[in-house]
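Worksheet: one structure, shown below.
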Protein chains: 2
Amino acid sequence: MSKQENRTYSIQDLATEFHITPRTLRHYEEQGLIAPQRQGQTRVYSGADRARLSWILRGKRVGFSLAEVGEMLDLYDIGDGRQTQREVAENRCRERITALKAQRDDINATIVELEGFCDLLSNLKRCEKTGQWVDTTTGEIMSSFNPE
Amino acid sequence: MSKQENRTYSIQDLATEFHITPRTLRHYEEQGLIAPQRQGQTRVYSGADRARLSWILRGKRVGFSLAEVGEMLDLYDIGDGRQTQREVAENRCRERITALKAQRDDINATIVELEGFCDLLSNLKRCEKTGQWVDTTTGEIMSSFNPE
DNA sequence: GAAACACTTGACGTTAACGTCAACGGAACA
DNA sequence: TGTTCCGTTGACGTTAACGTCAAGTGTTTC
């Protein structure tokens, strides 16, 4: 059904693909974020491991700590737990969503502000009159400059 | 023109308002992110300092390091520099915007996925058939569970 | 069968972003 | 005038997330 159901990956395979180092993968394993099979001593990663890694890295990109990523992954695993466990998981999950939305708002605000500043830089003509840069959050003047 | 043009703030004022510690403010000063006036030894923060702090903290919330925040603030200050300086600033700025948009995409994807998982938790009935949780990024099965 | 690889496990080093503590200074008040 | 608050400057401690060795174990390759 899937494209390649049971492919496996070496530590270097995943490291190269996701632009990280083998050390990083071992570190994630030490932290209990991922647990590949072994062939003797050598780690063998499955497709599910790869998906987990992808999740971990995206979690990192959005600002989660490894501990937080671990907690989120645990939530998935709790999916098959008892009713109360599931409710706890759902609440933690919704909290995260709320936090992420707030973070998205911060990012949007920053983008707007930086774009405004960029436009101001690329086209000073339109701002010769004011020559001031005002923070959109507080309405305070952060700095001023003199157009030529 | 502004509401309260020339108010000042003590280190504790700002610490309390922004839910940080005085130590943090001193640290930001050590890193050259902010430079309040002095009355003798004591730091006296202006409205502009407050705006700067607000910017710093939002930068942190969106995932900037202190060094990156410092660089961004420098860009603002370069606004009044020479033409070439300004072009450099604008490029760096646009790079940042691109990165922020990518980050926003990551956040949106994470929100979608978490919301899907939340819904799955809160209403298992609809998933009794599959009982599997699939990563949206890779299409790989991350875990499975048994509905009651 | 020796060399070259890829992988392993320690274990110590590093950087960022503060926390924490000691020791001190000046105003304000009982 | 002594204590109680802010505030200050060192300076060392801490945590997270790896980096960076060293030293050893298999496997393929010439």
Side-chain angles (χ1 to χ4, degrees), chain A residues 7-46 49-50 52-74 96 99 103 106 110, chain B residues 7-46 49-50 52-74 96 99 103 106 110:
Chain A
R7 246 210 75 177
T8 65
Y9 308 84
S10 77
I11 195 168
Q12 189 58 54
D13 286 343
L14 291 187
T16 313
E17 178 177 356
F18 290 99
H19 307 99
I20 57 180
T21 70
R23 171 68 178 117
T24 300
L25 275 159
R26 294 193 194 103
H27 182 60
Y28 292 167
E29 188 172 345
E30 286 174 18
Q31 305 301 307
L33 300 183
I34 200 167
Q37 299 288 105
R38 298 289 182 124
Q39 258 180 192
Q41 280 201 311
T42 307
R43 277 163 257 254
V44 178
Y45 295 86
S46 69
D49 290 329
R50 205 195 91 136
R52 242 181 127 81
L53 175 60
S54 169
W55 216 102
I56 294 168
L57 295 177
R58 196 180 59 194
K60 290 229 63 192
R61 289 200 303 274
V62 308
F64 289 176
S65 70
L66 290 188
E68 288 169 325
V69 168
E71 198 187 334
M72 300 306 301
L73 290 175
D74 286 347
R96 282 279 162 225
Q103 195 182 341
D106 274 332
T110 306
Chain B
R7 248 209 75 179
T8 66
Y9 309 83
S10 76
I11 194 167
Q12 188 58 54
D13 287 342
L14 291 187
T16 312
E17 178 178 356
F18 290 98
H19 307 99
I20 57 180
T21 70
R23 171 70 178 114
T24 299
L25 275 158
R26 294 193 194 104
H27 181 60
Y28 292 168
E29 189 173 344
E30 287 174 17
Q31 304 302 306
L33 299 182
I34 199 167
Q37 299 287 106
R38 298 290 182 121
Q39 258 178 192
Q41 280 203 310
T42 307
R43 276 163 258 253
V44 179
Y45 295 84
S46 69
D49 289 329
R50 204 194 92 136
R52 242 181 127 81
L53 176 59
S54 169
W55 216 102
I56 293 168
L57 295 177
R58 196 180 60 192
K60 288 229 65 190
R61 289 200 302 274
V62 309
F64 288 176
S65 70
L66 291 189
E68 288 169 326
V69 168
E71 198 187 334
M72 300 305 302
L73 290 174
D74 286 347
R96 282 282 163 223
Q103 195 182 342
D106 275 331
T110 306

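Owing to the predicted nature of the structure, the values given are computational and were not obtained by experimental measurement. Chain letters run A, B, ... following the sequence lines, proteins first, then strands; residues in each count from 1.
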Please give, in whole Å, the distance from [N] [atom2] to [X] [atom1]?
X     : N      : atom1 : atom2 : result
B:Y45 : D:dG7  : OH    : C1'   : 11 Å
B:I20 : C:dG19 : CD1   : C1'   : 14 Å
A:Q39 : D:dT27 : CD    : P     : 10 Å
A:H19 : D:dC18 : NE2   : P     : 16 Å
B:L14 : D:dC6  : CG    : C1'   : 15 Å
A:F64 : D:dA17 : CZ    : C1'   : 17 Å
A:I11 : C:dT9  : CD1   : P     : 8 Å
B:E29 : D:dT8  : CD    : P     : 8 Å

B:R96 to B:F64 six-membered ring, cation-pi geometry met (6.0 Å, 45°):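 Yes, cation above the ring, under 6.0 Å and within 45°.
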So, is [X] close to the [N] phosphate, meaning a side-chain N or O under 4.0 Å from OP1 or OP2?
X     : N      : result
B:K60 : C:dC18 : yes
B:Y28 : C:dC18 : yes
B:T21 : C:dG19 : yes

Residue B:Q37 excluded, over 12 heavy atoms near CD under 6.0 Å: no
Heavy-atom neighbours of B:E30 CD exceed 12 at 6.0 Å: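 Yes.
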Between [options], which nucleotide has the shortest distance from any of its atoms to the side chain of [X]?
X     : options                : value
A:R38 : C:dT8, C:dA17, D:dG7   : C:dT8
B:Q12 : D:dG7, D:dC18, C:dT20  : D:dG7
B:R23 : C:dC18, D:dG7, D:dC18  : C:dC18
B:S10 : D:dC18, D:dG7, D:dT9   : D:dG7
B:L66 : C:dA17, C:dC7, D:dT8   : C:dA17
A:H27 : C:dG19, D:dT9, D:dA17  : D:dA17
A:R43 : D:dT9, C:dT9, C:dC18   : C:dT9
A:R26 : C:dG19, D:dT9, C:dT9   : C:dT9
B:T24 : D:dG19, C:dA17, C:dG19 : C:dG19

Nearest non-hydrogen partners of B:R43 and B:P36, listed with the distance: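 In this case the closest contact between B:R43 and B:P36 is CG-CG, 3.6 Å.
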Closest non-hydrogen atom pair between A:I34 and A:L25, with its separation: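 Distance-wise, the nearest heavy atoms are CG2-O, 4.3 Å.
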Residue met sooner reading DNA chain C from 5', once B:Q41 and B:S65 are mapped to nucleotides: B:S65
Rounded distance (nearest 0.5 Å) linking atom CZ of B:R50 with atom CG of B:D13: 10.5 Å
